[in-house]
Peer 1: 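The structure follows.
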Amino acid sequence: MSDSLERLYQAVIAARDLDPATSRTARLFQRGPTKMAKKLAEEAIEVVIDAVNGKTEAVIRESADLLYNLTVLWASAGVTPEDVWREMERREDMLGIAEKLPKSAVKMPKALESKAVASKALPAKALPKTLPKPTASPAVRRRIVALEGRSLRKRN
């Protein structure tokens, strides 16, 4: 899979300077990272909706679109697939390939905390003991919508 994403990344890099009138990739680069991020979010939502509704083939198709848009955003941000693979290897060394790193050291077992510190070359006391509380005002926060028991539809 990493070979496929690397080929896709190279194709995105090659297409970024093409004519935006004929190249979707060039058009995304012309419109900038905000548009790229919006397209990535839209594809992610479509994958979620199709997965919740049990549409396996649609999940496959939308996942390909998701990976394309993620790769475009990576290229715009100066991130390479190799950068992401290195981060995945670092995480695998600490928790195993199937685990996501906790957001704070509080949730991380002590044995793993020392590995995290060593891998970042930070002193142990530099790790936060608690996360700050979100300070977003109620007007900025978005409601959380439960997906269970609902039939979700994609916008067309």
Side-chain angles (χ1 to χ4, degrees), residues 1-105 107-108 112 115-122 126-128 131-132 134-137 139-145 147 150-156:
M1 178 173 98
S2 62
D3 289 346
S4 297
L5 282 175
E6 181 61 37
R7 284 194 317 275
L8 176 59
Y9 181 81
Q10 292 305 323
V12 163
I13 294 296
R16 97 176 127 191
D17 295 322
L18 296 176
D19 181 5
T22 58
S23 168
R24 179 180 181 205
T25 302
R27 198 165 35 256
L28 284 169
F29 274 95
Q30 182 183 49
R31 292 178 179 168
T34 300
K35 181 66 172 180
M36 292 173 191
K38 181 181 177 200
K39 293 300 291 180
L40 180 64
E42 287 172 6
E43 297 301 339
I45 290 167
E46 289 178 3
V47 170
V48 168
I49 291 169
D50 288 331
V52 168
N53 290 329
K55 297 179 178 178
T56 304
E57 290 302 315
V59 170
I60 293 167
R61 287 189 306 272
E62 297 299 343
S63 293
D65 291 344
L66 179 65
L67 290 172
Y68 163 77
N69 282 287
L70 177 60
T71 304
V72 170
L73 194 63
W74 282 351
S76 173
V79 174
T80 67
E82 184 58 36
D83 296 331
V84 177
W85 307 150
R86 263 193 311 276
E87 174 61 12
M88 290 178 69
E89 287 173 8
R90 185 183 74 81
R91 291 176 180 207
E92 181 180 7
D93 289 346
M94 290 195 305
L95 292 174
I97 193 72
E99 296 297 328
K100 182 180 179 295
L101 287 181
K103 295 291 183 189
S104 72
K107 296 178 186 174
M108 192 181 297
L112 296 177
K115 276 186 168 183
V117 170
S119 73
K120 291 182 181 179
L122 293 173
L127 290 174
L131 290 176
T135 57
S137 68
V140 176
R141 289 187 178 184
R142 294 186 177 149
R143 289 186 331 163
I144 297 174
V145 179
L147 298 178
R150 291 190 176 184
S151 176
L152 300 176
R153 295 186 334 245
K154 293 189 282 188
R155 292 185 303 186
N156 292 329

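Remember, it's a predicted structure, so these values are computed and weren't measured experimentally.
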Peer 1: Distance-only, no hydrogens or angles: does the Thr22 side chain make a donor-acceptor pair with backbone N or O of Asp19 under 3.5 Å?
Peer 2: yes
Peer 1: Do Met36 and Arg31 have side-chain heavy atoms sitting under 4.5 Å apart?
Peer 2: no
Peer 1: Determine whether Glu43 and Tyr68 make a side-chain contact, defined as any pair of heavy atoms from C-beta on separated by less than 4.5 Å.
Peer 2: no
Peer 1: Going from CG on Asp3 to CG on Leu8, what distance comes out if it is rounded to the nearest 0.5 angstrom?
Peer 2: 12.5 Å
Peer 1: Ignoring hydrogens and angles, tell me if any N or O in the side chain of Asp83 forms a donor-acceptor pair with the backbone of Val79 under 3.5 Å.
Peer 2: no
Peer 1: About how many Å separate CZ of Arg90 and CG of Asp93, when rounded to the nearest 0.5 Å?
Peer 2: 9.0 Å
Peer 1: Using every non-hydrogen atom in the two residues, find where Ala15 and Ser23 come nearest and quote the distance to one decimal.
Peer 2: O-OG, 3.8 Å
Peer 1: Ignoring hydrogens and angles, tell me if any N or O in the side chain of Arg16 forms a donor-acceptor pair with the backbone of Phe29 under 3.5 Å.
Peer 2: no
Peer 1: Determine whether Gln10 and Glu6 satisfy the following criterion, side chain to side chain contact (heavy atoms under 4.5 Å, CB included), listing intermediate values before the conclusion.
Peer 2: CA-CA 6 Å; Gln10 292 305 323; Glu6 181 61 37; 2.8 Å; yes
Peer 1: Does any part of the side chain of Glu82, heavy atoms only, come nearer than 4.5 Å to the side chain of Arg86, both counted from C-beta?
Peer 2: yes
Peer 1: Could you tell me which non-hydrogen atom of Leu66 sits nearest to which non-hydrogen atom of Ala44, and how far apart they are?
Peer 2: CD1-N, 3.6 Å
Peer 1: Under 3.5 Å, side chain of Thr71 to main-chain N/O of Leu67, donor-acceptor pair present?
Peer 2: yes
Peer 1: Is Ser76 reaching over with its side chain to a backbone N or O of Val72, donor-acceptor style, under 3.5 angstrom?
Peer 2: no
Peer 1: Roughly how far, to the nearest 0.5 Å, is the CG atom of Leu73 from the CG atom of Leu28?
Peer 2: 10.0 Å
Peer 1: Trp74 versus Asn69: any side-chain heavy-atom pair under 4.5 Å?
Peer 2: no
Peer 1: CD of Glu92 to CD of Glu87: how many Å apart, nearest 0.5 Å?
Peer 2: 12.0 Å
Peer 1: Using a 4.5 Å cut-off on heavy atoms from C-beta on, say whether the side chain of Lys39 contacts that of Glu42.
Peer 2: yes
Peer 1: Which heavy atom of Leu18 sits nearest a heavy atom of Ala14, and at what distance?
Peer 2: CG-O, 4.1 Å
Peer 1: CG of Leu40 to CG of Asp65: how many Å apart, nearest 0.5 Å?
Peer 2: 11.0 Å
